[in-house]
Number of protein chains: 2
Amino acid sequence: MPAPRRPTLREVSAAAKVSLYTASRALGAHAGVAEETRRTVLKTAEDLGYVPNRLARSLKHADSHTLGVLTANNANLFYASLVKGVEKAVQPQGYDCFVADAFEDGVYDAARETRFVAALLEQRAAGIVLTYVPTAQNMRTLSDWRMPLVFVDCLPPEGFERFPSIATDSRLGSHAVGRHFAAHGYRSWAFVGHTPTWTSRFAREAGLREAAADCGAELAVIEGGNDSRTACAAMRAFLGARSRADWPRAVYASNEPLLNGALRALREQRVRIPEEMAIVGFDDFPWADLLDPPQTVVDQQIDELGRLAGSRMLAALEGVPDEGALRLLAAPVLRIRASCGGPVAGAAVSAG
Amino acid sequence: MPAPRRPTLREVSAAAKVSLYTASRALGAHAGVAEETRRTVLKTAEDLGYVPNRLARSLKHADSHTLGVLTANNANLFYASLVKGVEKAVQPQGYDCFVADAFEDGVYDAARETRFVAALLEQRAAGIVLTYVPTAQNMRTLSDWRMPLVFVDCLPPEGFERFPSIATDSRLGSHAVGRHFAAHGYRSWAFVGHTPTWTSRFAREAGLREAAADCGAELAVIEGGNDSRTACAAMRAFLGARSRADWPRAVYASNEPLLNGALRALREQRVRIPEEMAIVGFDDFPWADLLDPPQTVVDQQIDELGRLAGSRMLAALEGVPDEGALRLLAAPVLRIRASCGGPVAGAAVSAG
DNA sequence: ATGAAAGCGCTAACAC
DNA sequence: GTGTTAGCGCTTTCAT
């Protein structure tokens with residue numbers, strides 16, 4: 001069964017007995033074609049099963065109308081949701097998203113990233129949404145190419161401050177967590193932070209640290225790495241290194257995988273939550289309220305973040321200036337459930 | 001800051017003082033070019049910052065070397081993992097994946113699917129991995145086009161049996177769940193099934209039903225819909241419609257979102273698990289063993305499923321015959337944790 | 001081993 | 001309102 005012939009625009013025009021040009025205009029819904037001619041062309045195209053060749057079109061336009069989204073582990077709900085958000089914003093404008101995940105088996109692969117960057121350039125992507133900071137080399141490549149770039153969930157590196165960024169106001173969210181800890185009377189805290197590769201790490205730590213200073217709480221920092229496994233190991237080591245009496249009264253994990261890992265370590269030690277230790281995580285997720293106790297989290301409404309990034313990209317592509325929106329910060333919401341001791345009378349629920 | 005000039009192959013060849021042909025051969029790592037000439041060309045390309053235009057290349061080849069993956073809700077871990085698996089298999093062979101998610105806000109959108117199918121044809125995708133059965137119209141379009149197709153997690157619809165498929169042996173997995181129920185002495189079961197749109201639904205029900213017949217258990221069926229929300233509502237309605245004494249002793253949810261919903265409904269009723277009711281779900285997930293009690297599941301090792309689909313697609317593209325592997329069934333594994341009462345002495349742990 | 005030239009399918013500037 | 005024509009950047013015969 002051989003591949004059927006794929007009719008070209010030229011063939012459609014011949015069959016419709018009009019010129020190539022007319023056929024093109026008719027199908028492209030451009031003006032300057034008699035209504036009847038257009039009808040004929042459309043009909044003929046339909047009959048012939050004509051499917052325009054986007055490759056030719058893009059080649060001509062020197063632009064594929066494709067946006068790259070560089071992510072760091074799609075098997076992570078965070079990135080999956082983020083991508084959905086971006087798509088939601090850009091698809092109505094006719095852009096497709098090409099998702100390039102620089103992680104393989106949960107670990108970052110710089111060579112992989114470089115391959116994706118090259119692929120995006122070769123495809124003549126219209127722009128790229130970056131969800132983390134690529135290597136200096138790749139940043140240079142992209143910048144030299146004048147590729148429109150939007151950073152989400154991270155800040156552009158030094159020298160690239162001209163690119164817009166969208167992020168959650170992590171400091172605000174973390175500060176709210178700290179206030180919540182304080183309202184419960186907890187005075188000894190621990191922060192389980194993700195790899196500093198993500199700049200969000202700093203803001204999340206800073207917000208908590210400020211709150212600690214405000215109320216005179218102690219704050220220990222645990223390097224949680226990149227995923228559940230490393231976070232669990234780090235937490236285990238931390239707990240193992242001191243007597244139970246010296247364990248923190250409240251713990252804050254800086255993202256979902258880290259919360260997962262931290263909880264694992266706590267369970268190994270049969271820590272009672274929240275009686276013995278309170279715990280809050282950054283990022284909401286579908287199982288959070290089904291845990292026992294239901295997990296209190298900072299919800300950054302990820303898909304909205306993605307949507308903002310997509311919109312910002314569209315604006316950049318149309319040459320809209322930043323208008324002071326170069327650094328967009330979205331306010332997260334503290335979702336108080338029970339893992340931290342529940343609501344406190346008189347305390348604000350929103351992080352704002 | 002104007003866009004910099006993008007050097008073309010022609011310019012590279014001119015700068016290197018060779019012909020277009022030679023430059024093409026040199027960069028394409030083809031034979032028939034003197035080693036020294038090649039070196040010069042490569043150097044020149046590098047210096048000029050030459051980036052090949054894949055659009056032109058693909059146009060020429062009438063194939064974009066892109067594979068489509070049609071999914072049904074990427075915000076769902078299942079599809080995200082599946083895609084990662086497919087990518088893992090095909091990227092080494094130089095194929096890129098274009099992920100088309102026919103779901104928007106968690107609901108299926110046929111028009112959206114049709115747009116994606118069109119986009120894939122326009123892009124001259126090399127093949128498409130289908131994770132669910134598209135509309136009859138779209139199936140026809142794809143088939144008429146002679147698009148190489150591989151079905152994962154579903155079976156080709158009537159008339160399209162010539163296309164290969166990869167799926168988990170749901171019946172096997174479900175049967176193991178039923179045996180596990182039986183081993184615990186549970187005799188009254190309920191199956192919370194996902195929409196019959198997915199053919200896997202039937203196999204999952206059938207396996208359990210067979211096991212029920214084997215041991216004389218009763219089996220109620222609850223239509224759980226497509227997601228956590230609908231499943232929760234369905235479960236709530238089911239429980240509400242009968243006295244607590246008539247509630248099933250063991251429940252089996254046919255996928256992760258449905259398990260989530262079912263658990264929500266059970267929690268509303270303060271059902272004690274597994275003492276009062278045992279529950280098992282299809283699909284493992286990162287929070288399963290952190291639930292209280294840890295959730296027993298059937299693990300279908302999703303990314304492996306994706307990998308198999310990717311490999312099958314590669315084979316199809318190279319014209320490798322099916323060799324009896326037209327219907328590939330991968331064996332799942334029953335991961336016994338505590339939500340079902342834990343292991344039973346003398347019972348097999350694997351589903352195989 | 002290398003070069004010249006045709007053409008993939010489409011768009012758009014330019015005539016008529 | 002419609003036709004002609006020249007490319008977009010690349011691959012690939014066919015000569016040399």
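Lettering of chains follows the sequences in order, A, B, ..., and the numbering in each one begins at 1.
Residue A:H65 contributes atom NE2, which lies 17 Å from atom C1' of D:dC8 at whole-angstrom precision. Between A:L20 atom CG and C:dA13 atom C1' there is a gap of 15 Å when expressed in whole angstrom units. Atom pair B:R10:CZ and C:dG3:P shows a separation of 13 Å (rounding to whole Å applied). Whole-Å rounding puts the B:L55 CG to C:dG9 P distance at 15 Å. Atom CZ in A:R38 sits about 13 Å away from atom C1' in D:dT2, given to the nearest Å. Protein atom CG of B:L9 is 11 Å distant from nucleotide atom P of D:dG9, rounded to whole Å. One interatomic measurement links the two molecules: NZ of B:K60 to P of C:dG9, which rounds to 9 Å at whole-angstrom precision. Distance CZ (A:R6) to C1' (C:dG7): 19 Å, rounded to an integer number of Å.
A:A62 comes within 4.0 angstrom of no nucleic acid atom, judged by non-hydrogen atoms across all strands. A:S58 comes within 4.0 angstrom of no nucleic acid atom, judged by non-hydrogen atoms across all strands.
In this model, the phosphate group of D:dC10 is not approached by any side-chain N or O of B:S24 to a distance below 4.0 Å at OP1 or OP2. Between A:T37 and D:dG1 there is no side-chain polar atom (N or O) within less than 4.0 angstrom of OP1 or OP2. Between D:dT11 and B:R57, a contact under 4.0 Å exists linking OP1 or OP2 to a side-chain N or O. Between A:S19 and D:dT2 there is no side-chain polar atom (N or O) within less than 4.0 angstrom of OP1 or OP2. Residue A:Y21 has no polar side-chain atom (N or O) positioned under 4.0 Å from OP1 or OP2 of C:dG9.
None of B:D47, B:T40, B:V41 except one satisfies the side-chain contact (heavy atoms from CB on, under 4.5 Å) rule with B:K43; the exception is B:D47.
Relative to the ring axis of A:W145, B:R6 places its NZ or CZ within 45° and under 6.0 Å from the centre.
Both B:T8 and A:V18 sit near DNA chain D, but only A:V18 has its closest nucleotide nearer the 5' end.
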(request) May I have the step-by-step check of side chain to side chain donor-acceptor pair (under 3.5 Å) for A:D153 and A:T131, ending in yes or no? (result) CA-CA 6 Å; A:D153 190 46; A:T131 67; over 6 Å; no

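Candidate nucleotides C:dC10, D:dG3, D:dC10 were compared by shortest atom distance to the side chain of B:N53, and D:dC10 ranks first. Here the nucleotide nearest the side chain of B:H61, chosen from D:dG9, D:dC10, D:dT12, is D:dT12.
The distance from the CD atom of B:E46 to the CG atom of B:L27 is 10.5 Å, given to the nearest 0.5 Å.
Taking the six-membered ring where tryptophan is involved, the planes of B:Y95 and B:H65 are essentially parallel, since the angle between them stays under 30° and well short of 60°.
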